[in-house]
Amino acid sequence: MRKMLAAVSRVLSAAAQKPASRVLVASRNFANDATFEIKKCDLHRLEEGPPVTTVLTREDGLKYYRMMQTVRRMELKADQLYKQKIIRGFCHLCDGQEACCVGLEAGINPTDHLITAYRAHGFTFTRGLSVREILAELTGRRGGCAKGKGGSMHMYAKNFYGGNGIVGAQVPLGAGIALACKYNGKDEVCLTLYGDGAANQGQIFEAYNMAALWKLPCIFICENNRYGMGTSVERAAASTDYYKRGDFIPGLRVDGMDVLCVREATRFAAAYCRSGKGPILMELQTYRYHGHSMSDPGVSYRTREEIQEVRSKSDPIMLLKDRMVNSNLASVEELKEIDVEVRKEIEDAAQFATADPEPPLEELGYHIYSSDPPFEVRGANQWIKFKSIS
Amino acid sequence: MAAGAGTAGRLLRLRAAGAGGRWRRLRGAGVPRGFLQPASAGEDTAQSRRVAHFTFQPDPEPLEYGQTQKMNLFQAVTSALDNSLAKDPTAVIFGEDVAFGGVFRCTVGLRDKYGKDRVFNTPLCEQGIVGFGIGIAVTGATAIAEIQFADYIFPAFDQIVNEAAKYRYRSGDLFNCGSLTIRSPWGCVGHGALYHSQSPEAFFAHCPGIKVVVPRSPFQAKGLLLSCIEDKNPCIFFEPKILYRAAVEQVPVEPYSIPLSRAEVIQEGSDVTLIAWGTQVHVIREVASMAQEKLGVSCEVIDLRTIIPWDVDTVCKSVIKTGRLLISHEAPLTGGFASEISSTVQEECFLNLEAPISRVCGYDTPFPHIFEPFYIPDKWKCYDALRKMINY
């Protein structure tokens, strides 16, 4: 009897040593999945659109929540580091647009390809790089994903082609990647993103034409956050129906603040492309809380009330959290726990990014050309030379 | 950072030692705050957070153009545009974000003063902006286009080189787009990285039919910009963006013009000729005073001002006098405009040269993000090249 009591007490004390929240979680029963209704997409030259209901599993929900929260905290940390002058140069933050990067990634495979413009930190993360590498690249250290030589606008990963500074220049590149996908025959698609400002660039229309002519598996995605730098869409575009601008290319307009809506639309678009029907256009209606870049306060061309309204009514993280909690997919405490973990991860990454050394000066001349053997780079005068190794 | 402050300290002591009455020197190392403080505020530069690679040296107040006002570079540009719009009723200003004043505040107040059909925004399309500008100019109206950064001028390269530059030639003078002026912020700025720091003047130097102008100061900027606008040829006016706030001097309020294709000899000398344009002029001015102080070498400093068509006579006359030439610019060495100057000077003045012509330029790499302080041809690199030339 005493032995049994001792054994029971041992088990109980062991159980009591587990973190209190885990005990709490283990004692609650969560639903495995839930069905949600999502907004219907506006269609252009399409008979049917993506489904209006979707199933979200608990596992997926937690994953999306964690990813979105990581992107959000990473952007806010970058803001902080910029104001401390640890990050310099240009820094374009995408907080508010997390549902776009996470939703797009959820709708495609890791073997698909993605290319975007300069507001790329979120995509760099969802495409597989760690927060450490991203923050170290922002601070220009050797631990960064581009070895510190690219900075904010030039981050790359496997099947992620950046990170491009010149507005609109990445779209013909995306069409080219799509051609390679079609040529290789592996059923891959290319997501080519651009913004509402870039949508007025001539080269985008050249890319539309080529993609449609040759039926390339290219998903053109216009991330419409309503402002091209400081110019609102009404003042920049004759037609603000960006999903219709492909004209002969079918399009859909998607609520970009709802990660599930983005996911379903992406799945639909990817299936469309993979079936060989040619390119398709998606307009994601989203919003950014920060200004265009860190030197833009973001309030001279829009009101604080507008930003507040979007934050309180359509914040992507809040929307997902409410959905999950209300349909018993997760508890508030569990999500809070994820928040704490994410915060710690970002802190560690920021610590690394601040402490890591800068790339060595010899690397100034590296990787200009692909060259074997290394050649000498002419320097500021005829007596200074650097080696270019690639 | 500490090394930078050390350099700044050394620099100030150098300047204090060599301070003459020629220039009204303002304290500071290119940091705007420094210019607002009186010169007697002390020699302590440790308070400045960033040390620029140059020190802006203002010219003496011009007395022959009437009343002057203290202006920085962007205010001088605004003043020039204001004068143009007032004088010429067909003048229009357009570009990305110019209506609210521009990202560098060069067009502040103009829309309110002249109306929204004369100062207006365009969508994000450089090729469209320049093509559109050529169209306006061909009908005879004055078009002043802004390309937001010189790095973004490349979508418009075809329009400039193939349309604007060749219009008069191919129509046998029946048509021309001479009343087009394209303004664009240019050059390194300390944190610009690959796409906010480029100096593309060399690309356009290869194109007969256009004029390319780079000012070094507010007074020069206003005069040269007004000349560009009035010039009957398409002009590209590059404004050194790092000088927008850093350069402050007295600038006449009334319009005046500085002739194009005329280089200016800022300082006369007898041993070496130093040539630069834009921000780099201030770097070589410092190098000239360093050379005088440390080596007893007398330098002739020339600001080229107009890149094409460039003032061959002034440069060659100077080289004939001194026998040594150093050219410096931020753009990469290979194919940079220094190569054209070097080539022409050795053709014209071969027997007068005492040493090979020295070019101190940026590296042949894209403009780096983290490596910028090592990339730019700062005064130490120029001084080193000068010393080697003297000892040749």
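What you see is a predicted model; the values in this text were computed from it and never measured. Lettering follows sequence order; numbering is per chain, from 1.
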Quick one: of [options], who has the most non-hydrogen atom pairs under 4.5 Å with chain B?
options	answer
A:Arg141, A:Arg235, A:Met153, A:His154	A:His154
A:Ile368, A:Thr231, A:Leu364	A:Leu364
A:Gly150, A:Pro359, A:Ala199, A:Gly151	A:Pro359

Heavy-atom count check: over 12 atoms from other residues, nucleotides or ligands less than 6.0 Å from [X] [atom1]?
X	atom1	answer
A:Arg302	CZ	yes
B:Phe120	CZ	yes
B:Phe203	CZ	no
B:Phe157	CZ	yes

Proximal component of [X], with respect to chain A [non-hydrogen, under 4.5 Å]:
X	answer
B:Asp151	backbone
B:Thr122	neither
B:Asp97	side chain
B:Glu372	neither
B:Glu330	neither

Report the distance from atom NZ of A:Lys85 to atom NE2 of B:His191, rounding to the nearest 0.5 Å.
8.5 Å
Restricting to non-hydrogen atoms, name the atom on B:Ile370 and the atom on A:Thr139 that form the minimum distance, rounded to 0.1 Å.
CD1-O, 4.1 Å
Distance-minimising heavy-atom pair for A:Gly197 and B:Leu124:
O-CB, 3.5 Å
Only pairs under 3.5 Å count here: list side-chain donor-acceptor contacts from residues 117-124 of chain A, not counting sequence neighbours, and write none if there are none.
residue, atom, partner, partner atom, Å
A:Arg119, NH1, A:Leu93, O, 2.9
A:Arg119, NH1, A:His292, O, 3.0
A:Arg119, NH2, A:His292, O, 3.1
A:Arg119, NH2, A:His292, ND1, 3.4
A:His121, ND1, A:Glu75, OE1, 3.0
A:His121, NE2, A:Ser152, OG, 3.0
A:Thr124, OG1, A:Ala120, O, 2.6

Proximal component of A:Ala237, with respect to chain B [non-hydrogen, under 4.5 Å]
neither
Contact class of A:Gln201 relative to chain B, heavy atoms under 4.5 angstrom
both
Pair up each side-chain donor or acceptor in residues 165-175 of chain A with any protein partner under 3.5 Å, not counting sequence neighbours, and list the distances.
residue, atom, partner, partner atom, Å
A:Gln170, OE1, A:Gly168, N, 3.4
A:Gln170, NE2, A:Leu193, O, 2.9

Aromatic rings A:Phe90 and B:Phe149: how do their planes relate, parallel, tilted or perpendicular, breaks at 30° and 60°?
perpendicular
Go through B:Thr334, B:Asn121, B:Asp378 and name the one with the most non-hydrogen pairs under 4.5 angstrom from chain A.
B:Thr334
Is any side-chain heavy atom of A:Lys149 less than 4.5 Å from a side-chain heavy atom of B:Phe371?
yes
